[in-house]
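Throughout, a chain's letter reflects where its sequence line sits, starting with A, and its residues are numbered from 1.
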Amino acid sequence: MLFRQAGIFHTNYAADRALFPISADRWMIGILLLCALAAPLLVNSLYVSSYLLPWLVWTAGALGLNLILGWAGQFHLGYAAVMGIGAYATVHATRAGIPWEIAIVLGGATASIIGIGFAFAALRVKGLYLALSTLALQFVMDWVISHVPAISGGTQATLQAPDIRLLGWPVTSDAGLYYVALIWCVMVTSFMLNLRRTALGRALIAVREKDFAAAVIGVNSFYFKLVAFSTSSFIGGVTGAILIGTFYHAVTPEQFSVDVSIQALAMVIVGGLGSIIGSYFGAAFILLMPGAMNTFISWAATQFGFSFSIETLAHLPQALYGALIIAFLLIEPLGLGKIYSNIRDYLLVWPFGYVKK
Amino acid sequence: MDWALLAESAVNGGLVGLMYSLVAMGIVLIYKSSSVPNLAQGAMTMLGAYVVLAFANNAKAPIWLAIILAIVTMFGVGMAIERVALRRLAGRPIIMILMMTLGLEILLRAGSMTIWGGTGRPMPIGISDDPLFLGPLLINRTYAVGAAVAVAMFALFVLFFRTRMGVVLRAISDDYTAAWSVGISVERGVALSWAMSAVVATIAGVLWASVQGVDQSLAQLLLKGVTVAVLGGLDSIGGALLAGILLGIVEGVAASFLDPLLGGASRDLVDAAMLILTIMVRPHGLFGRHDIERI
Amino acid sequence: MNANTPAKVLSLNNVEVVYDHVSLAIKGVSIDVPEGGMVALLGANGAGKSTTLKSISGLLIAERGEVRRGELQFLGRSIGALSPQERVRLGIAHVLEGRRVFEHLTPDENLIAASAVRGRHDTSRNKERVYSYFPRLHERRTVASGYLSGGEQQMLAIGRALMTQPKLLMLDEPSLGLAPFLVAEIFQIISRINKEEGLSVLLVEQNAVAALEIVSHGYLIESGRIVMHDTAETLKKNPDIREFYLGGAKAKSFHDIKHYSRRKRWLT
Ligand SMILES: Nc1ncnc2c1ncn2[C@@H]1O[C@H](COP(=O)(O)OP(=O)(O)OP(=O)(O)O)[C@@H](O)[C@H]1O
Ligand SMILES: [Mg+2]
């Protein structure tokens with residue numbers, strides 16, 4: 001790191017419990033935010049709309065899933081279904097003429113209400129059984145979405161999403177859409193950062209560590225599981241709506257299939273359970289990897305004179321994706337977030353590493 | 001109401017259900033010895049079928065020899081999976097283990113596609129397509145063979161779990177540490193269960209492939225397998241057998257009612273609903289063990 | 001050490017165990033078990049008794065613990081690097097704390113599972129031997145062990161350990177949660193096995209009264225350190241042992257609290 005922690009003393013509790021107690025951290029966050037704001041000016045708009053934007057939206061999604069998985073410790077193998085509910089609800093609402101700002105809240109609320117269905121599963125069973133029942137709910141949702149014409153607009157149909165209008169102004173430029181995604185991502189991030197410091201966040205962690213013990217110290221795990229599922233579903237629903245509004249511009253059931261649920265799960269695991277910065281890394285890693293893999297494979301093919309069949313080229317990135325998930329679990333189960341904090345801890349005292357022990 | 005049609009869909013459903021049991025048995029075998037829910041069982045089934053084809057088409061082996069060679073190969077694959085992927089995860093939270101089996105699922109599925117391509121291919125194992133007549137009912141021959149194989153596998157495993165090695169595997173599933181304390185090689189026991197499960201997957205793969213061809217959709221048998229395994233009680237081989245029949249019948253009968261109403265493809269919905277219902281009403285399934293609690 | 005000291009089956013020299021790379025559970029424990037002898041390891045809750053046994057049987061790996069320092073010798077051979085199975089094969093048997101039978105297996109199957117390191121024809125002979133020590137197990141050999149009574153489960157756990165044909169039997173709190181007459185019965189059987197088969201025994205106990213009756217030597221462990229080692233007779237007479245572990249001496253008044261803490265400190 002570029003700074004030292006030495007010489008930082010807090011003289012009151014407020015300063016000690018601040019979100020970023022170290023002023024250098026505050027500076028860095030500020031600079032990062034400025035860069036994010038300036039990105040459309042600095043970076044080619046193709047990169048903004050095809051890399052930065054989905055990254056931010058998916059980070060928000062990963063954070064929502066992390067809330068349920070990393071904080072509350074409840075399984076959710078059906079997160080994509082929840083996102084899909086939000087997306088479809090929002091699209092239908094805007095098509096019915098409801099302003100977009102209200103429509104996404106409606107979408108989030110719908111997702112949240114149906115997401116509570118997942119919570120009821122969580123109230124009855126834990127661990128493996130919860131994982132399987134959420135997986136089954138994902139299949140049910142998939143089926144309902146694609147087989148009820150009133151929702152999907154008929155089988156195999158693609159439903160066009162109306163353009164986003166914020167306060168009556170149409171948002172269509174790449175930069176405008178990017179800012180929408182950025183605002184949402186920052187909102188979710190700051191919610192999650194603050195959650196750690198509230199009674200709610202601590203109660204969730206208590207529920208994760210031990211249901212029963214939490215009950216003994218007066219944490220009502222029933223209530224907190226409901227809150228965790230509905231909050232995370234709300235975040236998921238709005239994220240799904242924003243993903244459609246800013247990135248896909250049209251909605252089909254495949255965008256929220258079980259594979260997407262696994263992809264979201266992979267983001268959280270690769271990023272690190274319960275790690276906020278990890279969700280950023282995890283989302284970036286999972287989104288960028290297929291592209292990077294393709295580039296690498298074609299580079300390797302020309303370099304070493306292989307020639308792959310079309311089919312091989314189509315499936316190899318997916319196979320490597322599976323292999324990478326396995327590798328992560330074996331090598332660093334706490335994910336990229338943990339690797340980052342290891343590096344940070346190392347650099348903070350570099351070159352005086354021995355002072356720590 | 002057409003009773004003959006109903007009976008026919010029930011009987012065929014039961015037979016198909018027994019073929020689901022084959023997939024479920026693989027899941028049960030692994031769960032029984034290490035409490036790991038294997039979400040890669042579908043992909044292992046698919047891989048098994050591809051390996052058989054590879055021996056039959058590339059090495060020009062006759063189909064029975066190809067099946068035997070594939071079984072031997074998959075035995076090794078099962079051992080290797082445990083050795084490389086699962087052993088280091090022992091004692092980690094269940095979410096890591098689930099994610100590992102999901103990672104394996106993706107790797108095995110996409111890996112098979114990468115090597116052998118995604119176009120569907122037939123698996124000719126010499127069972128004729130003519131239906132079997134059972135009184136007024138038409139019965140699919142492949143289903144009948146598959147059901148017979150499932151029952152045979154069941155009998156084999158029941159016998160196996162009475163042998164010394166079988167008792168050791170059951171001991172491992174009861175208590176890892178106690179198993180270590182009496183000198184049982186826990187790692188080898190778990191590896192053996194993966195290997196057996198890979199063998200069962202190969203057999204299931206061959207039978208299912210002869211019904212629907214060899215392609216990616218074999219991996220989707222996972223949902224059926226999981227539903228049957230949970231319904232039977234995750235650690236009961238006999239439960240897997242009966243639950244398979246039950247699910248097959250329910251699915252067959254429900255589909256013959258629902259398909260016209262819902263515009264087809266209601267089977268997956270029935271599966272998922274059964275899975276949810278089982279977990280909500282009776283998580284340990286029909287025959288799963290409760291943990292023994294003495295008063 | 002004089003010349004007629006019996007040969008040692010087990011000797012621990014300055015063993016230190018760390019859990020999770022950080023928490024130091026035992027700090028330099030040295031223990032000797034003579035051939036054919038019976039030795040007790042006494043201590044309060046959390047003193048490190050179970051950890052000591054696990055370091056000997058190699059079961060620390062199941063709990064992410066490791067022996068960081070010191071030497072473990074069994075029959076003159078260093079066993080620090082061996083796996084639990086190899087140690088069982090050499091003749092170390094560990095009866096775990098809290099019984100831990102294979103609940104869904106019958107007693108008969110428990111015994112079969114426990115003979116994994118021995119040959120097939122040894123199994124039936126060993127089984128007969130176990131049933132002769134514990135006739136009660138024979139009566140109940142076909143019910144799931146989870147449904148046995150606590151005493152029967154403890155017998156099964158000991159019988160299971162005997163199936164491995166051990167040279168050293170380590171018992172972790174065999175009296176835990178049992179009625180006094182059962183404790184007496186089990187201890188009697190243990191000392192019978194010790195006498196008849198010349199099996200060395202290392203007994204971990206909270207119940208010092210019962211333990212000191214049957215062993216020849218005792219070690220006292222506190223906060224991960226051995227603080228006392230003597231013959232059972234001497235230990236029984238020691239006023240501190242009487243006070244803290246045998247529940248003897250007279251009732252203390254609160255005026256003597258200082259005295260209590262002085263004694264305690266001296267012990268550690
Ligand atoms: N798996 C573990 N991880 C971390 N620390 C442990 C673990 N097991 C034991 N300890 C610690 O090591 C110390 C010794 O524990 P040990 O189980 O050996 O005590 P004990 O003497 O057997 O106690 P008891 O009479 O209650 O069985 C304790 O402080 C305990 O907290
Ligand atoms: Mg203990």
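Rounded to the nearest 0.5 Å, atoms CD (C:Glu97) and OG1 (B:Thr177) are 12.5 Å apart. Put simply, OG on B:Ser181 and CE on C:Met170 are 9.5 Å apart, with the number rounded to the nearest 0.5 Å.
No more than 12 heavy atoms of other residues, nucleotides or ligands sit less than 6.0 Å from atom CZ of B:Arg162. Within 6.0 Å of CZ in B:Arg83 there are 12 or fewer heavy atoms belonging to other residues, nucleotides or ligands. Environment of CD in C:Glu196: crowded, with over 12 heavy atoms of neighbouring residues, nucleotides or ligands closer than 6.0 Å.
Using a 4.5 Å cut-off between heavy atoms, C:Ser115 contacts chain B through both its backbone and its side chain. Heavy atoms of C:Leu59 lying under 4.5 Å from chain B belong exclusively to its side chain. Contacts between C:Arg120 and chain B at a heavy-atom distance below 4.5 Å involve backbone atoms as well as side-chain atoms. Proximity to chain B (any heavy atom under 4.5 Å) is shown, for C:Ile92, by neither the backbone nor the side chain. Of the atoms belonging to C:Ala93, not a single heavy atom falls under 4.5 Å from chain B. For a residue to count as touching a neighbouring chain, one of its non-hydrogen atoms must lie under 4.5 Å from one of that chain's; by this rule C:Arg100 touches chain B with backbone and side chain alike. Proximity to chain B is absent for every atom of C:Ser57, based on heavy atoms less than 4.5 angstrom apart.
Counting all heavy atoms, side chain and backbone alike, B:Ala178 lies closest to C:Phe102 at CB-CE2, 3.8 Å. The heavy-atom pair separating C:Ala116 from B:Ile184 by the smallest distance is CB-CG1, 3.9 Å.
Side-chain contact check for B:Trp180 versus C:Ile61: some heavy-atom pair is nearer than 4.5 Å. Contact of the C:Val88 side chain with the B:Val182 side chain is not registered, since no non-hydrogen atoms from C-beta on lie closer than 4.5 Å. Put simply, the side chain of B:Arg170 does not reach to within 4.5 Å of the side chain of C:His104, judged on heavy atoms. Looking at heavy atoms from C-beta onward, B:Arg164 lies in side-chain contact with C:Ile112 at the 4.5 angstrom threshold.
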